[in-house]
Amino acid sequence: MATVFVVANQKGGIGKTTTATNLAGVLSKKASTLLIDADPQGNSTSTYQAQIEDVATLYDVMIDSDKLPIEDAIQHMPNGDIVASDPLLSKAEKILDGDVEGFYRLKDAVDELDGYEYIVIDTAPSLNVILYNCLIAADQVIIPVTADAYAMQGIQQLYDTIMAVKRRQNRSLKIAGLLLVKYSGRSNLDRSTKNSIEEEAAQMGTRLFDTKIRECVKTKEAQEKKVLLIDYAPKCNTMVDYLAFADELLENL
């Protein structure tokens, strides 16, 4: 059975897709890994150069009344295996809301999947039925945050959502930790915010990962070229940090 990681934060522009694609890229070098793009914006899908036209996508897996096997939606791309997103996912909430089993579509699909050691799910910056599906299907949640004054804004709401799912639908769900991204550590604000995030994480019963993700220009270059950073610039600061983060994450499984 695969270990399922969900990357979540309802704030936009926080680095969820960068974290999801880089984590999947690192894990795929270690073992069989699948990336699932559950964000209608489809940035992970774009990075992997996956198709959304005339192919099965996550929308079909979650909405198809005949319960399309998720295996039929996997695309084997040069960057790795992916279940592509679809702009139609933004309409899925209305469809699934009226379905008693609507919160369990992704879990049912993932449970039937065989052959992967790790699954990484990229999510949209919202608290909706698609996120509930992701949390119910997950083993661990990774929450990327930035070291700024508004870093923890809205995190309590996400935490409450995770705990509600843990109580009622997925007792084994765990917050793996908060991951500082776009981090420089040079300013007093960065350092003081890091300390306050550590305190917040402790109150949530989790931790701030020791590894901090630094920024570098190679990240944007790789995204523009639609290649994984681990293949494009494996020795750049950001990639070195994601490699260390993956090791730290797997140590605590």
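These values consider heavy atoms only, across backbone and side chains, with no hydrogens, waters or symmetry-generated copies. Counting begins at 1 with the first residue of the sequence.
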Give, for atom CD of Gln169 and atom CG of Leu135, the distance between the pair rounded to the nearest 0.5 Å. 9.5 Å
Any donor-acceptor pair under 3.5 Å from Asn133 side chain to Gly102 backbone: yes
Determine, stepwise, if the pair Asn170 / Ser172 fulfils side-chain hydrogen bond (donor to acceptor under 3.5 Å, both in side chains). CA-CA 6 Å; Asn170 183 1; Ser172 63; 3.1 Å; yes
Show the numbers, then the answer: is there a side-chain contact (heavy atoms from CB on, under 4.5 Å) between Val7 and Val120? CA-CA 7 Å; Val7 182; Val120 179; 4.3 Å; yes
Stepwise salt bridge (charged side-chain N to carboxylate O under 4.0 Å, His left out) check, Asp247 with Lys30: CA-CA 10 Å; Asp247 287 341; Lys30 300 174 181 287; 3.2 Å; yes
Return the set of residues passing side-chain hydrogen bond (donor to acceptor under 3.5 Å, both in side chains) with Thr161 (not counting sequence neighbours), or none when no residue passes. none
Is there a donor-acceptor pair closer than 3.5 Å between any side-chain N or O of Asp72 and the backbone N or O of Leu68? no
Within the distance-only criterion (no hydrogens, no angle test), does the side chain of Glu117 pair as donor or acceptor with the backbone N or O of Thr33 below 3.5 angstrom? no
With a 4.5 Å heavy-atom cut-off, do Val83 and Gln75 have their side chains touching? no
From CD (Glu221) to SG (Cys236), nearest 0.5 Å: 9.5 Å
Exercise: identify the closest heavy-atom pair between Ala246 and Leu23: CB-CD1, 4.1 Å
Measure across Leu158 and Gln10 and return the closest heavy-atom pair with its distance rounded to 0.1 Å. CB-OE1, 3.3 Å
Beyond-backbone contact of Leu253 with Asp139, side-chain heavy atoms, under 4.5 angstrom: no
Donor-acceptor pair, side chain of Lys16 and main chain of Lys11, under 3.5 angstrom: yes
State, to 0.1 Å, how close Thr206 and Gly177 come at their nearest heavy-atom pair, and which atoms those are. OG1-CA, 3.3 Å
Membership question, hydrophobic clusters at under 4.5 Å side-chain separation (ILVMFWY): are Ile63 and Leu89 in the same one? yes
Supply the atom-to-atom distance Asn9 CG to Ile142 CD1, rounded to the nearest 0.5 angstrom. 12.5 Å
Can you name the closest pair of heavy atoms from Val61 and Ala109 and give their distance? CG1-CB, 3.6 Å
Would you indicate whether the side-chain heavy atoms of Thr47 and Val227 approach each other to under 4.5 Å? no
Taking every non-hydrogen atom, the tightest pair across Gly25 and Ser28: O-OG, 2.7 Å
Sub-3.5 Å donor-acceptor pair from the side chain of Gln49 to the main-chain atoms of Lys226, do we have one? yes
Any chance the side chains of Thr238 and Lys218 put a donor and an acceptor closer than 3.5 Å? no
For the atom pair CZ (Arg207) and CD1 (Ile175), what is the distance rounded to the nearest 0.5 Å? 12.0 Å
For a quick test of your reading: what N or O donor-acceptor pairs under 3.5 Å do the side chains of residues 36-43 make, sequence neighbours left out?
unit_1	atom_1	unit_2	atom_2	d
Asp37	OD1	Asp39	N	3.1
Asp37	OD2	Ser44	N	3.4
Asp37	OD2	Thr45	N	2.9
Asp37	OD2	Thr45	OG1	2.7
Asp39	OD1	Gln41	N	3.0

So do the side chains of Ile82 and Ile74 get within less than 4.5 Å of each other, counting heavy atoms only? no
Side chain of Lys166, backbone of Arg171: donor and acceptor closer than 3.5 Å? yes
Are any of the side-chain heavy atoms of Thr19 and Leu179 separated by less than 4.5 Å? yes
Is there a donor-acceptor pair closer than 3.5 Å between any side-chain N or O of Asp60 and the backbone N or O of Thr57? yes
Any side-chain heavy atom of Ile130 within less than 4.5 Å of one from Phe103? no
Can you tell me how far apart CG (Leu88) and CG (Leu58) are? Round to the nearest 0.5 Å. 11.5 Å
Quick one: are Lys194 and Lys212 in side-chain contact, heavy atoms under 4.5 Å? yes
Start with the C-alpha gap between Tyr118 and Val4, add the side-chain angles, then the distance that decides, and say whether side-chain contact (heavy atoms from CB on, under 4.5 Å) holds. CA-CA 6 Å; Tyr118 303 113; Val4 181; over 6 Å; no
As a quick check of understanding, evaluate side-chain contact (heavy atoms from CB on, under 4.5 Å) for Asp122 and Val6, giving each step before the final call. CA-CA 6 Å; Asp122 189 13; Val6 166; over 6 Å; no
Please report the closest heavy-atom contact between Ile136 and Lys107, naming both atoms and the distance. O-CD, 3.6 Å
Salt-bridge test for Lys225 and Asp231: reply yes if a basic N is under 4.0 Å from a carboxylate O, no otherwise. no
Within residues 207-253 or reaching into it, pairs that qualify as ring-ring contact (aromatic ring centres under 6.0 Å, His included) - sequence neighbours excluded: Phe209-Phe245
Assess, by modelled atom type and distance only, whether the side chains of Tyr183 and Asp241 contain a donor and an acceptor separated by less than 3.5 Å. no
For Glu248 and Thr211, does a side-chain donor sit closer than 3.5 Å to a side-chain acceptor? yes
Got a second to check how far Asp210's CG is from Glu251's CD, nearest 0.5 Å? 9.5 Å
As a quick check of understanding, evaluate side-chain contact (heavy atoms from CB on, under 4.5 Å) for Leu35 and Tyr48, giving each step before the final call. CA-CA 9 Å; Leu35 177 63; Tyr48 271 57; 3.4 Å; yes
For Leu131, is there any backbone N or O sitting under 3.5 Å from a side-chain donor or acceptor partner on Asn128? yes
Test salt bridge (charged side-chain N to carboxylate O under 4.0 Å, His left out) on Glu101 and Arg105 and set out the steps. CA-CA 7 Å; Glu101 297 184 356; Arg105 291 292 182 92; 5.4 Å; no
Hydrophobic clustering (ILVMFWY, side-chain heavy atoms < 4.5 Å, transitive) - are Val55 and Leu113 grouped together? no
4.5 Å side-chain heavy-atom contact, Ile70 and Glu112: no
Less than 3.5 Å apart, any donor N or O on the side chain of Thr18 or Gln223 sitting next to an acceptor on the other? yes
How far apart are the C-alpha atoms of Tyr116 and Asp81, what are their side-chain angles, what is the distance that settles it, and do they pass the side-chain hydrogen bond (donor to acceptor under 3.5 Å, both in side chains) test? CA-CA 10 Å; Tyr116 290 100; Asp81 290 0; 2.6 Å; yes
